[in-house]
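Everything quoted here is computed from the prediction, not taken from an experiment. Computed over heavy atoms, backbone and side chain alike; hydrogens, waters and symmetry mates excluded. The first residue of the sequence shown is numbered 1, and numbering continues consecutively from there.
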Amino acid sequence: MEHENNGEVSDMLASPQQEVAPLVTHLQVSAELEKPAAGEGEEKKQPVVNGGGNAARNDTAPVQDDLSRENPEVEPPVPVAVPEEPKPVPEPVPEAEPTVQPTPEEAVPQQPEGPQPPSPAKVLEEVKAVVEAQEVVKEALTQNGGKKMEASEEKPAEASVHEKVKVSDAEAAPPAKSEKEGKPEVSATSADQTAPESSDAVPDKEATVPSADSLSFPILTHEKTKDALRSSRILVVIRGLPGSGKTFLSRALADAYKDHCSVFCANDYADSTDPGADAHKALDEAVAACCADAPSVLVVVDDTNHSQERLARLGELAREHRLVALFLEPRTEWSADVPRLAKLTGRKPAAITAMKRHLDELRLPLFFGWFLLAPLQDQLRSMGSDFLTALDGFKKNAVGSSMKEGQEVPLEQYFKGKGSLHCTTKFCDYGKAAGSKEYAEKPAVSELYGTVFDLTVSALFVTPRTFGARVSLTDEQLVLWPADAEKEAESSIPGAASLPMGSRAHITLGCAEGVEAVQTGLDLLEILVLQQTETVTDLELGSLRFYGEGRWMLELKEPTCAAACFSSFYKRRSPSHEQGKKEPKKKKNCAIL
């Protein structure tokens with residue numbers, strides 16, 4: 001573009017010097033020659049205008065060429081000195097006026113065949129055009145400072161998830177009348193689309209390109225995590241402010257898990273004809289159908305998801321279909337910049353500020369923890385069932401000998417499962433629990449969120465209230481373990497503070513009726529602070545020990561590894577809910593306890 005423009009400018013600057021002088025000379029000579037000479041008739045004018053009547057001569061040749069030759073038959077009425085070669089004119093020649101304008105009476109009665117020389121008026125118009133063109137070019141160069149002129153718009157390149165994607169998504173478009181979450185938010189274009197060079201051409205909606213760090217999620221960068229997830233299924237819930245880069249993240253996930261990822265964007269389920277319609281109903285139905293039938297490894301939900309109700313509902317969908325829920329927020333530099341997001345999306349800053357307040361309130365979940373992937377959940381449940389069956393054979397060691405006949409129930413019926421299997425690291429209660437904010441702000445929690453770990457299950461245990469599995473943590477996993485997890489139980493379990501860090505790590509496999517899952521960890525600490533007793537018997541799975549008062553522990557011969565994803569948990573809030581403070585309802589009993 002630059003070379004072509006420069007060439008055009010050079011040609012236009014050169015043309016007046018090389019062409020204007022001959023054209024003006026041509027005009028002047030033609031005008032003089034057409035002036036009637038004294039005492040001569042029209043028959044003497046004709047040979048002069050037409051080049052002496054030579055039929056073989058080119059009619060378009062310049063007049064000065066004919067006059068430079070010696071022709072005794074033709075005497076020019078006015079001597080005109082014609083230079084052999086016109087010298088270049090340094091400056092554009094002003095408009096030339098012919099000495100005498102031709103009249104209709106002076107028209108030549110007979111015209112020879114072939115092309116005619118241009119008339120003086122036409123030559124004059126050509127001179128004017130050249131001079132005007134030169135002035136236009138000079139003016140354009142003066143205004144542009146000698147720089148090239150470019151088109152204000154370029155054709156955008158197609159979107160590519162492999163490269164950085166410029167986020168000016170439909171998130172950056174003004175919202176519809178309703179401020180509901182399910183409105184158009186995002187569309188992505190390729191980073192190959194460059195911004196205009198001229199500041200005047202920059203659009204009002206600021207174009208932004210996420211940095212490489214904005215995709216530094218273990219689910220995208222950690223190969224062990226990616227390999228583990230390809231053999232399981234997970235529900236990724238993307239939440240964040242409009243324009244923060246949610247769709248940029250969802251497309252990166254789709255690219256990383258090609259042919260095994262389904263993305264559901266709330267915008268696609270919004271009813272433009274009825275802004276008040278519940279877009280989440282259609283969205284949830286589509287997500288549930290995919291979780292139930294499709295073989296997708298990743299099911300991604302792209303929405304603002306800034307309310308407690310939405311997070312709880314999506315978490316329920318995951319548990320109903322045995323998926324692990326992972327809640328991600330964009331990490332773009334402007335994801336929390338309200339003025340910038342308002343400019344990008346065309347929304348009012350007050351509306352974005354209100355939405356941001358809800359997101360911040362829900363940034364801390366009910367609890368953080370490792371959530372077992374589906375295949376490992378089945379394996380651990382099967383192992384626990386075998387343990388309970390074997391334990392039923394030792395009723396002679398039971399403490400509850402006063403039970404009446406007919407009230408005994410099998411252990412597998414006595415303990416009820418408590419949802420998906422997981423190992424809690426920190427109970428936050430949405431930020432109300434002590435130390436929850438400090439835990440969530442630890443760099444390790446942010447960096448390792450979404451990582452898949454191999455948890456080591458080293459023992460199974462049973463008490464009159466709970467049934468669980470002991471987890472032995474590695475040094476890498478202890479980074480995510482709260483330093484005060486054992487100390488905070490000292491008031492109810494004397495001696496718990498002296499136990500090694502990570503002693504409370506467990507997976508709840510079942511609870512007696514009316515008992516909360518939090519009791520499982522406390523029961524494990526009770527067993528660990530007691531003096532170890534002799535082995536009661538050796539089972540196929542390991543050594544079985546009895547600790548009195550209905551407490552049993554099976555130390556596994558071969559510890560089991562269970563793949564688990566470090567994530568968080570949300571559920572519907574209940575005003576009357578108090579973790580770990582309900583007394584167990586003794587409606588049932590069993591001989592072994």
Are [X] and [Y] linked by a side-chain donor-acceptor pair shorter than 3.5 Å?
X    : Y    : value
T466 : T463 : yes
S214 : E333 : no
H506 : D523 : no
S472 : S458 : yes
Y439 : T425 : yes
Q308 : Y430 : yes
T389 : E412 : yes

Salt bridge (Lys or Arg N to Asp or Glu O under 4.0 Å) partner of R504, chosen from E488, E490, E486, E526: E488

Shortest non-hydrogen contact from D303 toward A266: CG-CB, 3.4 Å

Aromatic F546 / basic R551 pairing, under 6.0 angstrom, 45° off normal: no

V237 vs L326 side-chain heavy atoms within contact, under 4.5 Å: no

Student check: side-chain heavy atoms of E555 and R545 closer than 4.5 Å: yes

Do other residues, nucleotides or ligands put more than 12 heavy atoms under 6.0 Å from the [atom1] atom of [X]?
X    : atom1 : value
K487 : NZ    : no
E320 : CD    : yes
K437 : NZ    : no

Pairs involving residues 360-373, ordered by first then second residue, that meet salt bridge (Lys or Arg N to Asp or Glu O under 4.0 Å) (sequence neighbours left out): E329-R363, K356-D360, D360-R363

Side chain to side chain donor-acceptor pair (under 3.5 Å) evaluation trace for T508 with T520: CA-CA 6 Å; T508 299; T520 310; 3.0 Å; yes

Between NZ on residue K246 and CG on residue N305, distance to nearest 0.5 Å: 9.0 Å

